[in-house]
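Proteins get letters first, then strands, A, B, ... in listed order; numbering begins at 1 in each.
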Number of protein chains: 2
Amino acid sequence: MPSRGQAGTAARVTLRDVAGLAGVSMSTASLVFSGNKPVAEDTAGRVRDAAERLGYTGPHPMASSLRHGRSGVIAAVVERRILHAFRDPYVVAVLDGLSQVVGEMGSGLLLLPDATEGHGDPGPQVSRIVADAAVFMLCGDENNALAAQFAARGVPVVGTGAPCGPGIVQVEVPERDASAQVARHLRDLGHRTVGHIMMPLAWGNETGLRTLDTVRRSHFPDTRERALGVRDVFRRAALVEAAEADFDSGYAAANLLLDRPDPPTAIIAQSDLLAAGAVQAASDRGLRVPEDLSVTGFDGVSLPWFGRELTTIDQRPLEKGRAVGEVVRDLLAGDEVGDVSFEVSLRVGDTTGPAPVGRR
Amino acid sequence: MPSRGQAGTAARVTLRDVAGLAGVSMSTASLVFSGNKPVAEDTAGRVRDAAERLGYTGPHPMASSLRHGRSGVIAAVVERRILHAFRDPYVVAVLDGLSQVVGEMGSGLLLLPDATEGHGDPGPQVSRIVADAAVFMLCGDENNALAAQFAARGVPVVGTGAPCGPGIVQVEVPERDASAQVARHLRDLGHRTVGHIMMPLAWGNETGLRTLDTVRRSHFPDTRERALGVRDVFRRAALVEAAEADFDSGYAAANLLLDRPDPPTAIIAQSDLLAAGAVQAASDRGLRVPEDLSVTGFDGVSLPWFGRELTTIDQRPLEKGRAVGEVVRDLLAGDEVGDVSFEVSLRVGDTTGPAPVGRR
DNA sequence: GCAGACTATCGAATCGATTCGATCGAATCG
DNA sequence: CGATTCGATCGAATCGATTCGATAGTCTGC
């Protein structure tokens, strides 16, 4: 290990210095570090010695990146404050899977909270962001200015349903089908009056009751499709939009539904966290789950503090993240990549049961 | 917005092309985009027109970075899999605060899961990672190969207690004092037999009982200092190391403590998540909190699903993250920056109460 | 002993943008 | 009117490394 006495901005040691001290050309020195072509062992030794003596720690990443045209940075755009987005274990699991593949590629994941939440001018600094590819992994708006900027720069963009646009490769889940599948499960259990807790239809909305028309006009494709999936089965489900896909919003939304004159016997929530909040709301009202109220989620994440086994759609978020990563990898390898469809499945837990007698 | 018909690897449009079409030199064209010196309005217009016509989206970030010596990337090293680390709301909150400041700097946050968990060879690809600074925000090992690499490269490194080393600037919390403060709170409530759930003493350990000697030998300064803080007040607290700082480990650790022949009347957990797990364990055994068992945490995070107000040390994680970010900002501005000490305080909630009568 | 096949190494061009100092024309001043 | 200043623009060097094609030098085989 090279001794480093002083910190600060000592003049940077470059390949030129190393080559000079070793008495070889820069090209040769470069080959020693990249290993792209064989170098005679004693020459290589001299170069390495020189490097060590000078405290050269290897090629300067930026210079290297410029030459290679690859920075080793994959941008992951988070269309919310990290504090909110990462509260959801689904997001964290997807990110984990993605980071695995990105790590295997020898790249890093650049977290890019999109302060504008997808609208407005992302600001000039965005175009200064170094990235080989950009990934959108939240269920956000179908239009996103940041995505458009990346695409215009020729940076490959991958999404999971949103944003969409020409040149954006998707890893897609059959949202509508999956959602309908949950609904059918409840219908088969005899439920006829259901409430539906949707994810945000737009950023910044309050938690509250909605009409189907509002849903149809939403620019959040995932939310919209899942809502339509429920509607395919239950024509008249009461709709509540959650302000955030989190526990508190699920709690509040469930209370709105249960306060209705004709309270539901089942609540379909479009995220596990929302569902957990709904279960809590029921429990606080003295309703037993699933005897008095069935609750379903969507995602299939593990919530260790939630003592139940949620009936949910298992999205295998970790694998989904990996799938996204693999698309990125293939795109950067120059392969022709089309949209990928990602399989999900219903997992029945202990939060759903037959509709209460007399209410079916 | 420039029309982009075809995707793919069309030859990149560079400043040279734009300058050529506009009939100016590259230097002038560059000035138009950087705004570093005034350019005559009609010249600037011609350049912007040319850029639009060619679909030039602004200076190439990598080239720009090379020239400026700044990449706009701040590396945040996570010494665990993201899936585990981000399960802890404390980590997420710190990250959120950090990302705010980093965002204000116009930079991005590069997530770097350290697969080696701080030991072993981080691999050659690490030295290819572009970053202006590196941040360690978890309570990890005091020695970290990755941190050493960054430091050797002259990249400023900032930590929160760990890793430490020459040239690593710290944002430090008085861990030992804070921990002792919690312990004194319990002693003042009459508790004499306490159990102590510690965070990991090393990566990969099982949850289990430990001796003080083992603790003293740990290379995780935060865990160690907090443990010593408890010991300053309770000489004979039973010690359990949690495998992870998460709910399940807290649950398991609490059970180990409560299974002892002389079960504690209070449990000190070194993270809120661990504490929440401990409360659950108590509750599953029919113990009331705080009447039968007091439980304390550390961090001061919000756990919406946890219906209690935990007695804890409020670390203001968001502000802590911001503080770390500000150190990074100042370092990159060239300021002389020393270690920062970060204030925390005891927050008494409803999970602690007087020791049960007859057991004090 | 020499053509031919290889190796190891080198020089120069390149990746794309930024910036310092120089130049040139026009405007200002006495 | 000549000297001076100012503003706009340009040329060339630079950031640091990589790579292609060329050049010595080495070894084989006949």
DNA chain C base-pair string [pairs: Watson-Crick or G-U under 3.5 Å; |: paired with another strand]: ||||||||||||||||||||||||||||||

Protein proximity profile, nucleotides 15-21 of chain C - base contact B, sugar-phosphate-only contact S, no contact -, cut-off 4.0 Å on heavy atoms: BBBBB-B

Worked check of side chain to side chain contact (heavy atoms under 4.5 Å, CB included) between A/Phe136 and A/Ile168: CA-CA 10 Å; A/Phe136 291 74; A/Ile168 301 184; over 6 Å; no

Atom pair distance, as rounded to whole Å: CG in A/Asp42 and P in D/dT26: 13 Å

Listed once per pair and sorted, the ring-ring contact (aromatic ring centres under 6.0 Å, His included) pairs that draw on residues 16-47 of chain B, sequence neighbours left out: B/Phe33-B/Tyr56

Neighbour count >12 (heavy atoms, 6.0 Å) for atom NE2, A/His219: no

All salt bridge (charged side-chain N to carboxylate O under 4.0 Å, His left out) counterparts of B/Glu104, not counting sequence neighbours: B/Arg322

Pairs of donor and acceptor atoms involving the side chains of residues 68-76 of chain B, under 3.5 Å and at least two apart or interchain, shall be tabulated with distances.
| from | atom 1 | to | atom 2 | distance (Å) |
| --- | --- | --- | --- | --- |
| B/His68 | ND1 | B/Ser64 | O | 3.2 |
| B/Arg70 | NH1 | B/Leu332 | O | 3.4 |
| B/Arg70 | NH2 | B/Leu332 | O | 2.8 |
| B/Ser71 | OG | B/Val73 | N | 3.3 |
| B/Ser71 | OG | B/Asp132 | OD1 | 3.0 |

Partner residues of B/Glu336 under the salt bridge (charged side-chain N to carboxylate O under 4.0 Å, His left out) criterion, sequence neighbours left out: none

From CG (B/Leu95) to CD1 (A/Ile82), nearest 0.5 Å: 4.5 Å

Closest contact, heavy atoms only, A/Val328 versus A/Ala133: CG1-CB, 3.9 Å

